[in-house]
Structure formats: structure tokens, C-alpha cells
S.K.: 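Below are the C-alpha cells for one structure; questions will follow.
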2 protein chains.
Amino acid sequence: MKLLVALGGNAIKQANEKGTTLEQFINCKKTATFLAKVVKKMGPQDRLVITHGNGPQVGNLAVQNDVAKENIPPQDLDILGAMTQGQIGYMLQQMMDNQLRDLGAKVPVIAVVNRVRVSRDDPEFRGENASKPVGNFLTEDEMKQVKAKHPEYIFKKVKPGDGKVWRRVVPSPDPAENVEADAIKKLVDAGVVVIASGGGGIPVVLDPDGHLRGVEAVIDKDLAGEKLAEVVGADTLLVLTDVEKAKLNFGKPGEKALDKITVSEAKKYLQEGHFLAGSMGPKVKACLRFMDWGGERAIITSLDKVIEALDGKTGTQIVKG
Amino acid sequence: MKLLVALGGNAIKQANEKGTTLEQFINCKKTATFLAKVVKKMGPQDRLVITHGNGPQVGNLAVQNDVAKENIPPQDLDILGAMTQGQIGYMLQQMMDNQLRDLGAKVPVIAVVNRVRVSRDDPEFRGENASKPVGNFLTEDEMKQVKAKHPEYIFKKVKPGDGKVWRRVVPSPDPAENVEADAIKKLVDAGVVVIASGGGGIPVVLDPDGHLRGVEAVIDKDLAGEKLAEVVGADTLLVLTDVEKAKLNFGKPGEKALDKITVSEAKKYLQEGHFLAGSMGPKVKACLRFMDWGGERAIITSLDKVIEALDGKTGTQIVKG
């Protein structure tokens with residue numbers, strides 16, 4: 001099996017935590033405990049590639065950059081994303097390495113700095129189309145102050161009412177190409193467990209002069225992870241989230257957990273609007289892209305069910321058909 | 001030629017700059033212009049590995065963490081180091097990639113998250129031995145406030161007089177092992193330009209339970225770079241700094257630039273105290289370790305002289321003998 005695992009947000013920071021170094025290491029250790037067991041079960045031809053989100057971490061960096069802006073020049077969003085690849089990559093790499101040592105499995109693990117190219121023509125770059133909220137909730141006055149300094153920023157009212165209801169939104173363009181595909185493929189082929197495309201990858205565009213340049217955007221990490229799965233030739237895509245199975249009529253009458261479903265069934269449910277945008281929606285979309293590309297199997301489940309789900313015993317299993 | 005280049009501080013941020021994203025990209029672009037020319041001249045068996053410092057960047061992150069500490073939990077020093085590997089790795093990788101595209105050289109470049117193991121028994125971990133200043137200059141009052149919150153911190157008076165004369169010092173232990181040696185060697189062997197061991201590597205120690213754990217320390221980036229050179233089997237070590245050649249009697253009567261010298265001569269000069277600790281000292285030390293390990297040639301020069309120095313026309317060239 002050649003497996004790409006896309007970790008959910010709580011793999012690194014729980015929603016109710018502040019995000020201390022210790023808290024994050026403890027979460028990464030738990031994550032690594034499950035993933036190391038997967039590696040331990042692997043044969044010599046099997047491979048594991050890991051990707052992860054960075055929402056809470058990049059959010060914390062953005063707040064630190066803003067609060068300290070009189071002291072230190074705030075860095076652009078692509079730089080903050082790169083920083084979280086170093087931060088989370090290190091924590092996951094260290095915890096995976098330690099768990100593998102415990103299991104007596106001598107498998108090298110390494111995190112890489114990874115860019116993902118997006119298209120300048122992506123509709124998300126057209127002004128008000130931008131859909132990904134980043135940074136703090138602001139009052140209208142605060143929003144206007146930031147807007148005066150950064151006229152290019154787009155803000156949206158994300159909550160009804162007054163008070164802190166405004167938030168900056170940035171484009172969330174579709175991933176077009178994993179820029180470090182060559183190097184990552186070489187590592188995976190050589191038997192290394194690779195952590196890549198963190199936070200959806202550092203978003204870059206190709207300028208007319210042939211140079212790649214970072215942009216203020218956030219790529220969905222599951223869709224970017226799917227591109228990475230293609231690059232490394234994965235046969236299985238495992239998208240982790242906080243529930244054991246995706247559901248029909250989520251939170252409504254007639255709610256029903258999904259077990260094994262075909263690609264056509266999943267497409268129908270997606271079109272019918274069963275999966276929330278910004279939540280289960282992109283996960284199902286990533287699975288369907290993977291299957292359409294030529295993947296064997298896509299699974300949506302929670303971290304603690306990883307082994308059982310890979311054995312086909314739980315999770316929402318999307319198969320050909 | 002299998003070349004390891006250790007970049008000097010001004011490769012990423014000039015001393016007189018604040019460190020905006022744009023300033024740092026411009027410096028990285030200049031650095032990449034020279035290094036891409038080196039890659040362009042290389043044959044199919046030649047290899048380039050790059051390492052870099054992170055002093056100004058980790059210093060800026062530490063200030064941001066401190067200023068925003070009421071809002072966001074400050075991260076440990078190993079995490080900040082990992083963040084700078086992502087940040088600087090991305091900037092160098094992007095600029096190298098762009099320059100190589102300009103030259104029509106299709107060579108993959110990738111930065112990796114890289115730990116360096118140090119020994120818990122290193123004398124630098126014995127309290128007052130810690131020698132590497134980090135973070136802001138503080139008054140005695142400020143120092144006592146921080147010390148009350150972090151009794152484990154060690155402070156030293158780094159300037160004579162009153163006022164902001166205190167600074168935190170952390171251990172600067174000797175690098176014992178590049179933890180990701182296996183994965184990095186595979187990448188280099190496969191023809192990838194690898195950026196690794198950034199900021200001297202993320203310092204970790206091996207605990208009695210067999211787990212690696214991050215420590216509050218800063219490893220000298222030239223000494224860690226030398227370990228990396230051993231790992232990848234480099235024949236040439238190029239240590240970049242802000243001067244074209246190392247000097248005898250630096251800043252004193254009888255000052256003399258060094259051209260080609262033997263290992264025995266360099267050892268004699270080092271013992272005689274010609275090279276400043278924390279500056280040219282560790283660079284010469286790194287060169288000598290490399291030659292003692294089995295390197296062919298070690299060079300100390302400035303970025304703009306890279307091509308000439310590799311041709312043997314300038315720089316301080318340390319050769320066998």
C-alpha cells in the first residue's frame with residue numbers, strides 16, 4: 001500500500017487549547033502513536049506520506065506579527081505558512097521518529113518545505129470571491145483601520161449583528177501543481193516517510209518572467225494533499241477528521257452515517273449538498289478527485305480508527321463504481 | 001565536486017535592515033544568483049548542499065513571542081528554530097529555483113526540517129558555561145523580572161556599564177549527529193540541491209527512554225554544517241562570511257590576509273588566537289574538522305567571490321599538509 005494521510009486540525013492542536021509548545025507536542029505524540037503503528041505493519045514496498053493543516057498555528061503567528069508590529073516588521077502570509085511547515089514538520093517528525101524507535105522500526109522520517117502553484121486566473125483571486133477567513137474577528141472600526149493601511153485586503157462580515165463580526169478573507173485557490181514533486185517522489189521512492197504540503201502548501205503563482213512568487217492565499221489542505229497523493233503515486237488516500245464517518249443529512253432528521261459507498265454515490269451526495277463547505281465538503285471532493293485520477297480507495301475517518309479503517313472495518317470507504 | 005556551502009548572516013538579512021519580507025527576499029535572490037551559477041557549471045556527478053544561519057530571524061521571532069505573550073503562548077526555542085528553517089528554507093528554495101529556471105538548469109531544490117543531536121554532557125550545558133547570547137538586551141530590572149518567571153534562564157552582563165547590558169545566554173553545544181542524515185543523503189545522491197541544518201539545526205538530546213527531545217540551545221551553524229558535509233560525503237567546504245579572506249593579526253599591526261595555507265598552519269594560527277571566538281574562530285575550526293575528517297579543500301571567502309574562490313583564485317584556501 002502507498003498511503004497518503006491528511007491529518008485533521010486536532011492532530012496538532014485541539015480547539016479548546018491555547019497552543020503551548022507542550023500541548024502541541026502531546027497531540028502530535030498521540031497522532032504519531034497511531035501512524036507509527038501503520039508504518040510498523042508495512043512491507044518493504046509500502047509507503048507513507050503525511051500532510052497536515054496549519055490553521056491555528058498560522059493564526060497564532062499572524063496575531064504575534066500584528067501585536068509586535070511596532071517592534072518587528074510583520075511577515076507576509078506565505079512566509080508565515082512556511083514557518084508553520086517548519087514548526088509542525090519538526091513536531092510531527094520528532095514524535096514519529098520517537099514512536100518508530102519504540103517499535104524498533106528503523107524508518108527515516110523527514111518534513112520538507114513545500115510550495116504549491118496556483119493559477120492567477122483562479123476565480124478566488126477575483127476580489128469578493130475570496131472565501132477563506134484568516135486572522136482575528138474585528139469591529140467595523142478596527143476593520144476600517146486595517147483597510148486604511150492595507151487597501152488591498154478584503155473583509156467580510158462573517159457573523160450577524162454588531163461588534164467583532166468582520167474578518168479578513170483571502171483567496172482559497174485550487175492547487176494546480178506541487179512544485180517540489182520531483183524531490184518528494186525521490187524521497188518516497190527511497191523509503192522515507194515524508195511530511196509535505198503542510199497547511200495546503202505555500203501558495204505561489206508563476207509570473208510572466210518565469211519566476212514563482214508567493215501570494216496571500218490559503219490552499220485547502222485536503223485538496224493539496226490529493227495533488228501530493230497523485231505525485232507520489234498513492235493508491236490509498238486517508239482523510240482524517242474528528243468523526244468516524246461522513247454523514248448524510250448531517251445534523252438534520254434522517255441523519256445517516258456512510259459506510260462503503262461508490263464514487264457515483266459520493267458524487268450524487270455531494271451535489272445534493274449533504275457535505276458542508278469548508279468542512280466535510282472539500283474532504284469528499286479531495287477523495288473524489290483522487291478516485292477520478294486513478295486511486296484505489298479513499299477513506300474518511302478519525303485518527304483513533306486509522307488501523308481499523310485501513311482494514312476496511314470502519315470509516316466512510318469510497319470505492320470505484 | 002561535492003560542495004557544501006555555509007551561508008553567512010548577510011546572505012539573508014543585512015545588519016542594517018529591519019528584516020521585512022521584501023528585504024530578505026532581495027538578499028536571498030542575490031545569494032541565489034551566485035549559487036545558481038555554481039550549479040550551472042556542475043557536471044552530472046557534482047552536488048551542492050546549502051546550510052545557513054538564523055540569528056536575526058530567530059531573534060525577531062523571540063521578540064514577537066515576548067511582546068504578544070499575553071495573547072499567544074510563547075513557543076520554545078527549538079520550535080522557533082524550526083520555524084526559521086521553514087521561513088529561510090522557503091526563501092532560499094524559491095530564489096534558487098527561480099535563478100536556475102533563468103539559467104535553464106532543471107535541478108530540483110528542496111529545504112528540509114533538520115535536527116542535530118547534541119550531548120547532554122556537553123560542558124556548555126553546565127550552568128554558567130552557556131556562551132550564546134539570544135534575544136534582547138535588558139536592564140537589570142528587566143532581567144530580574146524574566147528570571148523570576150524563568151528561574152532556569154542564565155543571564156550574562158555582555159556590556160560594561162548600566163542600562164541594557166544584560167542578555168540571556170543559552171548553551172552552544174558541539175554538534176554530535178545530524179539526525180536526518182539518511183534522508184538527506186538519499187536526496188543529495190538523487191541529484192537534488194538540498195538546504196539543510198538551518199540555524200545550526202534544531203538541537204535535540206537523546207533521553208534515557210530512547211526518545212529525542214528538543215533543548216534550549218543554539219548550535220554553531222558552521223560546525224553543524226561541517227557535520228552535514230561529512231554526512232553527504234562532500235569534498236569541498238565553502239564557508240561564506242563578509243570578508244574575502246581570513247586574516248592574521250585581525251585589526252592589529254601586522255594584519256595580513258591569508259591565501260593558501262595548510263591544515264598545520266591553520267591549526268597553529270588558531271592556537272595563537274588569530275581568529276575571534278564567535279566569528280572567524282568557529283569558521284576556521286569547522287574547516288579544520290572537515291579536513292581532519294577527510295575533506296579535500298576548505299575555503300573561507302565572501303559570497304561575491306564564490307566562483308573565483310572555487311577556481312582557487314581567491315579566498316583563504318585550506319589544503320592538506
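Since the structure is predicted, the reported quantities are computational estimates derived from the model, not experimental observations.
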S.K.: So for A:Gln24, is it side chain, backbone, both, or neither that comes closer than 4.5 Å to the heavy atoms of chain B?
M.R.: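 It is the side chain, since no backbone atom gets that close.
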S.K.: Which heavy atom of B:Gln94 sits nearest a heavy atom of A:Arg115, and at what distance?
M.R.: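 For B:Gln94 versus A:Arg115, the nearest heavy atoms are OE1-NH1, 2.7 Å.
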S.K.: Which one wins on heavy-atom pair count under 4.5 Å against chain B: A:Pro74, A:Ala68, A:Pro73, A:Gly89?
M.R.: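 Option with the greatest count: A:Pro73.
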S.K.: Scan side-chain atoms only and decide if A:Gln64 and B:Asn71 contain a donor-acceptor pair under the 3.5 Å cut-off.
M.R.: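 No.
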S.K.: When you check the gap from the basic side-chain N to the acidic O, do B:Asp182 and A:Lys106 get nearer than 4.0 Å?
M.R.: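 No, B:Asp182 and A:Lys106 are not salt-bridged.
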S.K.: Quick check: closest heavy atoms across B:Gln93 and A:Val113, and the distance to 0.1 Å?
M.R.: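 B:Gln93 and A:Val113 have their closest heavy atoms at NE2-O, 2.9 Å.
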S.K.: Check this for me: A:Lys30, atom NZ, are more than 12 non-hydrogen atoms of other residues, nucleotides or ligands nearer than 6.0 Å?
M.R.: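 Not buried by this count: 12 neighbours or fewer within 6.0 Å.
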S.K.: With a 4.5 angstrom heavy-atom cut-off, could you sort out which part of A:Val109 is near chain B: side chain, backbone, both or neither?
M.R.: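 Only the backbone of A:Val109 comes within 4.5 Å of chain B.
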S.K.: Could you pull out the closest heavy-atom pair between A:Ala183 and B:Ile110, with the gap in Å?
M.R.: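 Residues A:Ala183 and B:Ile110, closest heavy atoms: CB-CD1, 3.8 Å.
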S.K.: Between A:Gln85 and B:Gln85, is there a side-chain donor-acceptor contact under 3.5 Å, judged purely by atom types and distance?
M.R.: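 No donor-acceptor contact under 3.5 Å links the two side chains.
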S.K.: Quick check: do A:Lys186 and B:Lys186 have side-chain heavy atoms less than 4.5 Å from each other?
M.R.: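 SC-SC contact between A:Lys186 and B:Lys186 ruled out.
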S.K.: Quick one: what part of A:Asn65 sits under 4.5 Å from any heavy atom of chain B, side chain, backbone, both or neither?
M.R.: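 It is both, since atoms from each part get that close.
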S.K.: Could you tell me if B:His211 and A:Asp102 have a donor-acceptor pair between their side chains, going purely by distance under 3.5 Å?
M.R.: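 Short answer, yes.
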S.K.: Kindly say whether A:Ala82 contributes a backbone atom to a donor-acceptor pair with the side chain of B:Gln87 at under 3.5 angstrom?
M.R.: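 No: the side chain of B:Gln87 does not pair with the backbone of A:Ala82.
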S.K.: Heavy-atom distances under 4.5 Å only: say whether A:Ile195 touches chain B with side chain, backbone, both or neither.
M.R.: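 When you check distances to chain B, no heavy atom of A:Ile195 falls under 4.5 Å.
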